[in-house]
Protein chains: 2
Amino acid sequence: MNTPKRTTIYDVAAEAGVAASTVSRTFSNPRRVNAATREHVLRVAERLGYRPNPLATALQSGHKATIAMLVPDITNPHFFGTIRGAERRASEAGVTFILGNTEESAANERNQIERLDHSVDGFVLAASRMSDETTVGIAQSHNLALVNRQVDSLPSVVVDSGPGSWQIVEHLASLGHRSIVYLSGPHQSWLAGERWKALRAAAGRRGVAVSRLGPFPPKVGGGGAAADAALVSGATALVAHNDLLAIGVLRRLAERGVPVPGRVSVVGYDDIFGADLCVPALTTLAGPEDEAGRVAVELLLRKGSLSADHPAPQRVVLPTHLVIRDSTGPVPAS
Amino acid sequence: MNTPKRTTIYDVAAEAGVAASTVSRTFSNPRRVNAATREHVLRVAERLGYRPNPLATALQSGHKATIAMLVPDITNPHFFGTIRGAERRASEAGVTFILGNTEESAANERNQIERLDHSVDGFVLAASRMSDETTVGIAQSHNLALVNRQVDSLPSVVVDSGPGSWQIVEHLASLGHRSIVYLSGPHQSWLAGERWKALRAAAGRRGVAVSRLGPFPPKVGGGGAAADAALVSGATALVAHNDLLAIGVLRRLAERGVPVPGRVSVVGYDDIFGADLCVPALTTLAGPEDEAGRVAVELLLRKGSLSADHPAPQRVVLPTHLVIRDSTGPVPAS
DNA sequence: GTGAGGATGGCAAGCGATTGCCAAAAGTTG
DNA sequence: CAACTTTTGGCAATCGCTTGCCATCCTCAC
């Protein structure tokens, strides 16, 4: 509010009897100044309570020490792991962390990027809703790291749905299920597409029938319609696009008196907080979401210091594992 | 990465045939420039894809259009609601939102404030761990809005534990409980203290015995020790410092074969996601956490434009309500 | 026709750092 | 001791925008 005139390099310089440039170098390029002088300047700076002004630094040098993470829906617990991991890594690196919500809209996503453009060194885009072309276009002039999305050779980290989906199918098949229904999430979601593709492929190889219903809103509330639709399909195993939806399905099934896993088995994706609290506890594909956040930031930071000898941007794939709880069981005898 | 030379007011000025100051005013103080000129400048700016650089603006004018929110533990679902609300409100106001984790440490909190000092217009401090004195000190030179903490007359918003705790006691008493145990959270937590005080007062007025155990870590993992300790106390009703702890307690109780609410009743605070998923579903004191986040940001923004005619900084208290689910029931006959 | 006053645009001085360039000082070498 | 290289510190320009102050130019009233 009241600005008590923060101390600047000039104040320090005057007090220490050196030029401002020397003070600046003391902080930004210490080896450029004599050890004795440096010590002295540091001492004076300390005494005066000097703090470099990141804005001024950024304006001149372009180095902002700030990154932004954009998520489609900050409400969705699924993202909290990723947010957490990203914030942690950023904080460790002394980089300030901006969080933005894109409300599931590609346009909104673009806008935020525009807005923040000048203020950050790069963006972590979680489950981006933008098209491949748009993304590539933006990557031309911005540092990007994608989470749960792959576009060309842009740096990305995904929690692997391929093997995971295979595990799900394997698990269900080994319980005797011959027919699976996939309750899909939003169609603009790349991840939703990947999960479906992987699931279908796995089912094909295992000789299990699989069909897709939806899209359903990936929230608990979406579970009602999803469960009802699944029930008429006659499938004995339901795989939901994510845990939220799965929990909603479980709830609806309970309402309708359909025993789980007695009559149908239910599987989710993500292993969010709460997946082991519901009844029956949810069998779900767990992935290292925190890790995904960390790695994404890592990629961004690394890219910043990219030079000729550095390897090209990377695609990281993180392993998943199936957490088997109580919502899956042997196929009913009938 | 590669900087494609962003367009500046000078580019726009040159192209439009006016001075840079005119371009600047067109954006920052439109009424200061002739309507026709303004239109023209806007058109040119649009065509050139000009975006004001917030850093330069902030450096000169001091107006950063950015706020930071600091939470003690980004891992705790309790804060999700508040974070969400705050981000939303900030976004609505066109203010960028920085999120920081303080790892439950007052020192860390101070550091972050120092670091971000130059970059933001103000801070939302959620469940701050800093002492009253420190907080007041910082408030001298920084814009603060407190969530779930009250210090002097600093702007704050709290989810009211007083009436809430009263409701809890009332509910339990009406079920016949005569003896309550409070399973407390971290002692540095202001909120923990408030809850205990309110609970004790309410119990006193209602003639119910109440005692405090703990502190326990306010996480699911803390529930084990808490449940065990509570059991030996012989109380029939347990009130946990928050839902995480309550859920942990529920879990431990189940392990030990203690029927809930058959033998003991359990109540939590916060109504986090998952509170209605566990078995038995948790009776808990729900508060408008999102709202708290919104209001905190609101207070901050309002304070920014504080002038003589404005009212003094405010203390907002948000109402709670008790959500009665399945973890509370009549006191056992024995 | 003249002067007052408001509207409008431009000039230039910052905001607080970074950094290329230069010169003085110090260190090396034969 | 001369000639040269390396260190070290200072000068001043610059990043992109804001804003106080001044000069015009219009309007309007008398």
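The sequence lines fix the lettering, A, B, ..., with proteins before strands; numbering per chain opens at 1.
- Of the candidate nucleotides C:dA17, C:dG10, D:dC11, C:dG10 has the atom lying nearest to any side-chain atom of B:Arg32.
- Within 4.0 Å (heavy atoms only), A:Val18 reaches sugar-phosphate atoms of the nucleic acid but no base atom.
- Near DNA chain C, meaning a heavy atom under 4.0 Å away, the residues from residues 35-61 of chain B are B:Thr37, B:Leu59, B:Gln60.
- For A:Ser24, counting side-chain heavy atoms from C-beta on, the closest listed nucleotide (C:dG9, D:dG10, C:dA17) is C:dA17.
- Residue-to-nucleotide proximity on DNA chain C shows that, of B:Arg25 and A:Ile9, the 5′-proximal contact is made by B:Arg25.
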*Could you go step by step and tell me if B:His118 and A:Thr57 meet the side chain to side chain contact (heavy atoms under 4.5 Å, CB included) rule?*
CA-CA 11 Å; B:His118 291 282; A:Thr57 304; over 6 Å; no
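- A close approach under 4.0 Å does occur between a side-chain nitrogen or oxygen of A:Asn34 and OP1 or OP2 of D:dT8.
- Put simply, the residue from B:Leu318, B:Thr82, B:Val147 that forms a side chain to side chain contact (heavy atoms under 4.5 Å, CB included) with B:Glu289 is B:Thr82.
- Using a distance-only test at 3.5 Å, with no hydrogens or angles considered, a donor-acceptor pair links the side chain of B:Arg149 to the main chain of B:Met130.
- Distance alone, capped at 3.5 Å, places no donor-acceptor pair between the B:Glu291 side chain and the B:Gly85 backbone.
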*asked:* Apply side-chain hydrogen bond (donor to acceptor under 3.5 Å, both in side chains) to residues A:Ser128 and A:Glu109 and explain how you reach the verdict.
replied: CA-CA 8 Å; A:Ser128 171; A:Glu109 206 168 339; 2.7 Å; yes
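- In this structure, the NZ atom of B:Lys64 is 11 Å from the C1' atom of C:dC15, given to the nearest Å.
- Counting non-hydrogen atoms under 4.0 angstrom, A:Thr22 reaches the backbone sugars and phosphates but no base.
- Rounded to whole Å, atom C1' of D:dG16 lies 17 Å from atom NE2 of B:His63.
- If you take CZ of B:Arg31 and P of C:dG6, they are 15 Å apart, rounded to a whole angstrom.
- No donor-acceptor pair under 3.5 Å is formed between the side chain of B:Asp121 and the backbone N or O of B:Ile67.
- For B:His118 and C:dA17, the NE2 to C1' distance is 11 Å, given to the nearest whole Å.
- Considering A:Val44, A:Asn34, A:Val33 in turn, A:Val33 is the only one that fulfils the side chain to side chain contact (heavy atoms under 4.5 Å, CB included) rule with A:Thr26.
- Between C:dG16, D:dC11, C:dT8, one nucleotide has an atom nearer to the side chain of A:Thr8 than all others, and that is C:dG16.
- Residue A:Phe27 is out of contact with every strand shown, counting any heavy-atom pair closer than 4.0 Å.
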